[in-house]
Amino acid sequence: MKNYYNVTFLLALLFLPFTVVANGGIDLVQVYQQLDEAIKHTDQYIQEREQRITKHRMALEVTKDPAGRYELCHRLYEEFQPYMNDSAIYYIDQCIALAEKMGDHIRAEQCQLQLAFQCTESGMYNEAMDILRAIDVTQISDAKNRQKYYSTISHLYSEVGYYCKVPRLQRDYYATGDRYRALIDSTVSSRDEALQIKEMQCFAAGDAQGALQYSDMRLKQVDKGSHEYAIVAFYRYLDYSLKGDSVQARYWVTQSALSDVKNAIMDQGALWELANLLMADGDMDRAYYYIHFAWQCANKFNTVKRNNQISPVLTSISDNYEESLKRANRQLLALAVVASLLAALFLAILFYSNSQRKKLARARNELSMSNQQLGQLNQQLSELNAQLGDTNIRLNESNRVKDEYVGRFIHLCSFYIDRLDEMRKRVNKMVKGKDLAALDKFTEGNELRDQNLNELYEMFDSTFLHLFPNFVADFNALLQPESRITLDDPRTLNTDLRIFALIRLGIEDSSRIAEFLHYSVNTIYNYRAKVKNGALTDRDSFEARVKAIGM
């Protein structure tokens, strides 16, 4: 278990996450989609890093004093350290030269240790060993540099042990790494380094829960999405893998890869780890997509180490694709045979169906002709029924109007018989009394006639509006707005409306209308023409539409 930790520790130095998530609340598909989206915007993240690099390089060109140049070279080293290995080595080497020129031995030692660590990370183990052997640890006066020396040489031996193929030598390298790690004084290290050491010790002892407790403390010290966050996230991936929680392990390694992508980190470790997990899950397409992207990043970072790590995964994915292709070809062949048999069966069924279809077509044609004839008869019958229904409606309407007017006519006749009898009695009284002046006055004027006409018209209006209560509104709807009729008394019709009321009742002859209304025929004709001139549509069909009111 200790040897396995030494191996994974080498990969963990560049990663980290931030938030603790419960297993039940993790949607791995959504997390993978976030990573896919970040990879699509890689050019944007690279451009942001390149802009910072360009800014520092321009400042370096105009800076002359060694201290200022040292600061700028070290910033460039920090930018290139996870981005482009050759440039990182170049600028940290420049920092060593500038520190020695300034006589700052502490900074020179610090930069030499950073150079050794960078060489280790890029697989340049001989170079790293030469740098560390050239440093006399007993002469390192700075306590932090001394701890850095122990952690760097421990890291180097662990890396060499991981790639060593001779078991005896591998055990020796791991033991040497453990020995140097034991010399690290956590009280001198930074808080994160101290927590990291304790997390590593719990991990090496198989205590996943203890390792996660220290990891939780580390999470609180970093910003989500930063490079440091990616480092802690990768450690959490290792801790959850030890615990056996595959969902959390995949979540945190994805978070580590996501932070690396957004920070334009070309030294990808989490991503190819994730590709391995996805390959084991059978998600070959996504695994190939991630490992191909990690391969492109490794080429930009330019180290043999990452290429050696990624190549087996690419080979494995390629082999799996080839095996999947062979399986697909075998399945395709089987499907082709089945399809051929089905095609032969289909042709036989088609031939039989064609013969049956011809017979059915003949029967269908005969049935269709019969249906057409029946349809024509049904249509004719429907038309006759419609005409009969219309006739019945008109007949009922006519009967209703007739019944109403017959009743009113009988009442009116009775009314005028009574009135004539009263007139007879009144005239007889005047004659017997020889009151010729009163008789002359009674018979001289038109007052009696006008009174009787007004009563007749009131009776007509009342009866008609009772039969057709919406006649005035429906009639106005046939006229243009400026020609519409407004009545002072809604219970009484004017001359225009009486003329067309008579037309609605079927009295169309102008002479009969004139006789009823006591106008000349020419006057009635002018009234009818005036109203029709204000029709909303065709004036020739106006009276026909009036006849349809109330139908």
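For reference, positions follow the sequence shown, starting with 1. What you see is a predicted model, and the numbers here were worked out from it, not measured in a lab.
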* Donor-acceptor pair between Tyr235 and Glu199 side chains, under 3.5 angstrom -> no

* **For Asp36, all residues meeting salt bridge (Lys or Arg N to Asp or Glu O under 4.0 Å), sequence neighbours excluded** => Arg286

* **Tyr91: partners by ring-ring contact (aromatic ring centres under 6.0 Å, His included), with sequence neighbours left out** => Phe80

* Asked: Among all residues two or more places apart in sequence or in another chain, which pass the side-chain hydrogen bond (donor to acceptor under 3.5 Å, both in side chains) test with Glu79?
  -> Arg49, Arg52

* **Pairing residues for His74 by the side-chain hydrogen bond (donor to acceptor under 3.5 Å, both in side chains) criterion, not counting sequence neighbours** => Glu78, Gln114

* To do: Find the distance between CD1 (Ile184) and OG (Ser154) and round it off to the nearest 0.5 Å.
  => 5.5 Å

* Asked: So how far is it from Leu360 CG to Ser353 OG, rounded to the nearest 0.5 Å?
  -> 10.0 Å

* With sequence neighbours left out, what residues match Val62 under side-chain contact (heavy atoms from CB on, under 4.5 Å)? -> none

* **Non-neighbouring partners of Thr537 that pass side-chain hydrogen bond (donor to acceptor under 3.5 Å, both in side chains), sequence neighbours left out** => Arg545

* Asked: Is there a donor-acceptor pair closer than 3.5 Å between any side-chain N or O of Asp93 and the backbone N or O of Ile89?
  -> no

* Asked: For the ring pair Tyr290 and Phe293, is the centre-to-centre distance below 6.0 Å?
  -> no

* Pairing residues for Asp281 by the salt bridge (Lys or Arg N to Asp or Glu O under 4.0 Å) criterion, not counting sequence neighbours -> Arg250

* Where do Gly161 and Gln170 come nearest, in terms of heavy atoms and distance? -> O-NE2, 2.8 Å

* Which residues share a salt bridge (Lys or Arg N to Asp or Glu O under 4.0 Å) with Asp104, sequence neighbours left out -> Arg107

* Considering residues at least two apart in sequence or located in another chain, which fulfil the ring-ring contact (aromatic ring centres under 6.0 Å, His included) criterion with Tyr149? -> none

* Salt bridge check: are Asp239 and Arg236 linked by an N-O gap of less than 4.0 Å? -> no

* Go through the structure and list residues passing salt bridge (Lys or Arg N to Asp or Glu O under 4.0 Å) with Arg75, not counting sequence neighbours. => none

* To do: Compare every heavy atom of Arg484 with every heavy atom of Leu479, then report the nearest pair and how far apart it is.
  => O-NE, 3.0 Å

* To do: Tell me whether the guanidinium CZ or amine NZ of Lys101 lies under 6.0 angstrom from the six-membered ring centre of Tyr70 and within 45° of its axis.
  => no

* To do: Output all residues satisfying side-chain contact (heavy atoms from CB on, under 4.5 Å) with Glu109, sequence neighbours left out; order by chain, then residue number.
  => Ile140, Asn145

* List in chain and number order the residues that pass side-chain hydrogen bond (donor to acceptor under 3.5 Å, both in side chains) with Tyr83, two or more places apart in sequence or in another chain; answer none if no residue qualifies. => Glu50

